[in-house]
Amino acid sequence: MSETSWLRSSTTTSTAPPAPGLLHGLAPLLREWLPRQRWFAGKGSPISGFGLVSATELLPCDTRIGTPGLLHVLLEVHQADAEPDCYQLLLGTRTMLPPALAPALIGHAVGGPLDGLTIYQALHDPRLAGHLLDRLRSPGRTESLRFTAESGAGIPSGLAPRLSTAEQSNTSVIYGDTYILKLFRRISPGPNPDLELSLALARAGSQRIAAPAAWFEAVGIYHEPATLGVLQHYLPASADGWALALRAVDDGNDFTPEARALGQATAEVHAALARALPTAVLRRQQIEHLAASMAERLDAAATAVPALRPYRTQLRTAFHDLAVLGGRGRSVAAQRVHGDLHLGQALRTPAQGWVLIDFEGEPARPLPERRRPAPPVQDVAGMLRSFDYAARHRDPVAPGAAAWAERHRAAFCVGYADASGTDPRSDPVLIRAYETDKAVYEVLYEARNRPAWLPIPMSAVQRLAAGPDPLAPPRRSSS
Ligand SMILES: Nc1ncnc2c1ncn2[C@@H]1O[C@H](COP(=O)(O)OP(=O)(O)O)[C@@H](O)[C@H]1O
Ligand SMILES: O=P(O)(O)O[C@H]1O[C@H](CO)[C@@H](O[C@H]2O[C@H](CO)[C@@H](O)[C@H](O)[C@H]2O)[C@H](O)[C@H]1O
């Protein structure tokens, strides 16, 4: 027998339970390997157990001629004091006998031998990454995996794959500078907003996004399909806004025309989202609830980061003012938004100008919350924070940093107003609440991930705690 089918005795389908044998073999390998992966969100807490959600053999390993197998796994990871998270793995399987793992793949081994096979990260193997593209080109089901191509996508075969080297929370493969496949790592039931929003925008004719060409989902496992990966058009020769802004700061160049164009692009995306997807009007109760959730996030962040505590009382006034706004009968328009907009999420392209990517929202928030309509000022606040980050990335208290940030923040708002008719600064209570909420999130993010960067959001915390921005342009009455 030349074909080694791992799952011959244990194939998982939507109707059959996963075989414990497979999990038993994989568990010790994964316990070591998972915490070392950048996308693994549960670092710092030991893994207490695994649950196999599904295992699908997309390609059997042929031990006779030495061709690799491709195994798709959804795995529940249990850790103390937390709900289990579900992760998506794409595992390559190759025989231990010659021809063994190619030198280029050795660094990407997960472990083995397991049933005589070495297990490795499949997307590093061009043959397996190519097989996945082939699977996306031909719609249909393989057990609990459903592959869909956008009608008329016409995805060609044989595009050379390369793994993206970008710092990211998921894993992406670029195919011949034509497509980029993002494989989501942490999986939740329901449509991933990155697919949901970019598909809605593409179908509405927006040029401000990378249009999806194909995607795949897990079906029959949860109460609704879970998005697993999206193949989008690749934007060649693009540069991300963060890199461009840093260069402008370092070279002393004026970046305000780009900031203004980015404000216009953001407003265009918001307008298209409001047309394409459900909107809502937030009234007293919802606004008070919003303010209360922001205050809760502040409390949680202050518990985790002592540096925040001296500013807590003053920062709370931003959320109190928001609640008062609701109490006075003001309503706030809400719609689907990007949810985690910053300069790194904007690509400057030669053909389309600014394009926004990664509509997933803040990965730490639960999916239903990320899919809820929100005031579009949430994205504006994210981008305003990003200009402040760019100005202070070398030295948070550099002379001139505050002025650079203010000029570019203002240019972004002017651009937003050009395209939408409304300057976000005309709603100072709303924008201060959202900017405060974002700065608090960033304090926690930096404390956990990049402690050396903590002074950047802390400088914003000090500014926001001091009260409403004295440099703000004429305001509309908030009552
Ligand atoms: N359509 C695209 N064209 C070109 N580059 C892209 C495209 N989509 C993403 N990228 C690049 O990949 C990086 C990571 O993408 P992103 O969607 O932010 O991933 P993640 O959600 O995993 O962080 C981006 O910063 C960008 O450099
Ligand atoms: O990369 P993600 O989209 O997952 O976002 C997370 O990481 C970002 C950093 O990479 C972080 O953004 C913060 O740092 C940026 C500079 O590196 C800055 O431009 C952003 O304004 C600032 O918020 C983001 O908050 C976090 O969710």
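One-based numbering, in listed order, for ligands and for the atoms of each.
- In terms of N/O distances under 3.5 Å, ligand 1 is approached by N170.
- Of the polar atoms of D340, at least one N or O is found under 3.5 Å from an N or O of ligand 2, judged by distance alone.
- Between W39 and W33, the angle of the ring planes goes over 60°, which puts this pair in the perpendicular group of the 30/60° scheme.
- Atoms CG and CD, from L384 and E435 in turn, are 5.5 Å apart once rounded to the nearest 0.5 Å.
- Only the side chain of K182 comes within contact range of ligand 1, with a heavy atom under 4.0 Å; no backbone atom does.
- Distances from ligand 1 to the non-hydrogen atoms of H233 include at least one value under 4.0 Å.
- Of the protein's heavy atoms, L235 N, 2.8 Å lies nearest to atom 3 (N) of ligand 1.
- Between R385 and ligand 2, no pair of N/O atoms sits closer than 3.5 Å.
- If you check which protein heavy atom lies closest to atom 18 (O) of ligand 1, you get D358 OD2, 3.1 Å.
- For the residue pair E446 / Y389, a side-chain donor-acceptor distance below 3.5 Å is found, with atom types taken as modelled.
- With respect to R260 and D418, a salt bridge is recorded, a charged nitrogen being found less than 4.0 Å from a carboxylate O.
- The protein non-hydrogen atom at the shortest distance from atom 10 (O) of ligand 2 is Y445 OH, 3.9 Å.
- Separation of the H78 and F50 ring centroids does not fall under the 6.0 Å cut-off.
- Distance from atom 23 (O) of ligand 2 to its nearest protein heavy atom, with residue and atom name: E442 OE2, 2.7 Å.
- The contact set between ligand 1 and A166, taken as ligand atoms under 4.0 Å from a residue heavy atom, comprises 13 (C).
- Contact annotation: for I180 versus ligand 1, heavy atoms closer than 4.0 Å belong to the side chain alone.
- Neither the backbone nor the side chain of D194 has any atom closer than 4.0 Å to an atom of ligand 1 (non-hydrogen atoms only).
- In terms of polar-atom proximity, Q345 is counted as a contact of ligand 2, with an N or O under 3.5 Å from an N or O of the ligand.
- Checking only distances, H342 does come within under 3.5 Å of ligand 2, N or O to N or O.
- Those atoms of ligand 1 with a heavy atom of A210 less than 4.0 angstrom away are 1 (N).
- In terms of N/O distances under 3.5 Å, ligand 1 is not approached by L347.
- Using cut-offs of 30° and 60° on the angle between ring planes, the pair F147 and F216 is parallel.
- The single protein non-hydrogen atom nearest to atom 26 (C) of ligand 1 is I357 CD1, 3.9 Å, given as residue, atom name and distance.
- At least one N/O-N/O distance between Q168 and ligand 1 falls below 3.5 Å.
- Among all heavy-atom pairs drawn from L30 and P35, the shortest one is O-CD, 3.9 Å.
- The residues D388 and R385 are annotated as salt-bridged, a charged nitrogen and a carboxylate oxygen being separated by less than 4.0 angstrom.
- Nearest protein neighbour of atom 19 (O) of ligand 2, counting heavy atoms only, is S386 OG, 2.7 Å.
- Looking at ligand 1, you'll find an N or O of S169 within less than 3.5 Å of one of its N or O atoms.
- At least one heavy atom of E360 sits less than 4.0 Å from an atom of ligand 1.
- Of the protein's non-hydrogen atoms, the one nearest atom 5 (N) of ligand 1 is Y234 CE1, 3.5 Å.
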Exercise for the section: In sequence, state the C-alpha distance, the side-chain angles, and the governing distance for D299 and R316, and then conclude on salt bridge (Lys or Arg N to Asp or Glu O under 4.0 Å). Expected result: CA-CA 9 Å; D299 288 344; R316 268 180 170 274; 2.7 Å; yes

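- The residue Q232 has no part lying near ligand 1, judged by heavy-atom distances below 4.0 Å.
- For atom 4 (O) of ligand 2, the nearest protein heavy atom (residue, atom name, distance) is S169 OG, 3.4 Å.
- Exactly one residue among R185, R38, Q88, R186 makes a side chain to side chain contact (heavy atoms under 4.5 Å, CB included) with N170. That residue is R185.
- Taking 4.0 Å as the cut-off between side-chain N and carboxylate O, D125 and R127 do not count as a salt-bridged pair.
- Under the side-chain hydrogen bond (donor to acceptor under 3.5 Å, both in side chains) rule, D358 has a single partner from H342, Q168, H338, K182, which is K182.
- In this structure, W404 and F255 have parallel ring planes: the angle between them is below the 30° cut-off, well short of the 60° mark.
- In this structure, I174 has no heavy atom closer than 4.0 Å to ligand 1.
- At least one N/O-N/O distance between R450 and ligand 2 falls below 3.5 Å.
- Note on E362 versus R370: no salt bridge recorded, every NZ/NE/NH1/NH2 to OD/OE distance being 4.0 Å or above.
- Salt-bridge check for K438 with D340: passed, with a basic side-chain N closer than 4.0 Å to an acidic carboxylate O.
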Practice task
Could you go through the side-chain contact (heavy atoms from CB on, under 4.5 Å) check for D379 and L356 one step at a time?
Solution key: CA-CA 11 Å; D379 288 345; L356 304 188; over 6 Å; no

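- Heavy-atom distances between Q345 and ligand 1 reach below 4.0 Å in at least one pair.
- Nearest protein heavy-atom contact of atom 27 (O) of ligand 2 is Y441 OH, 2.5 Å.
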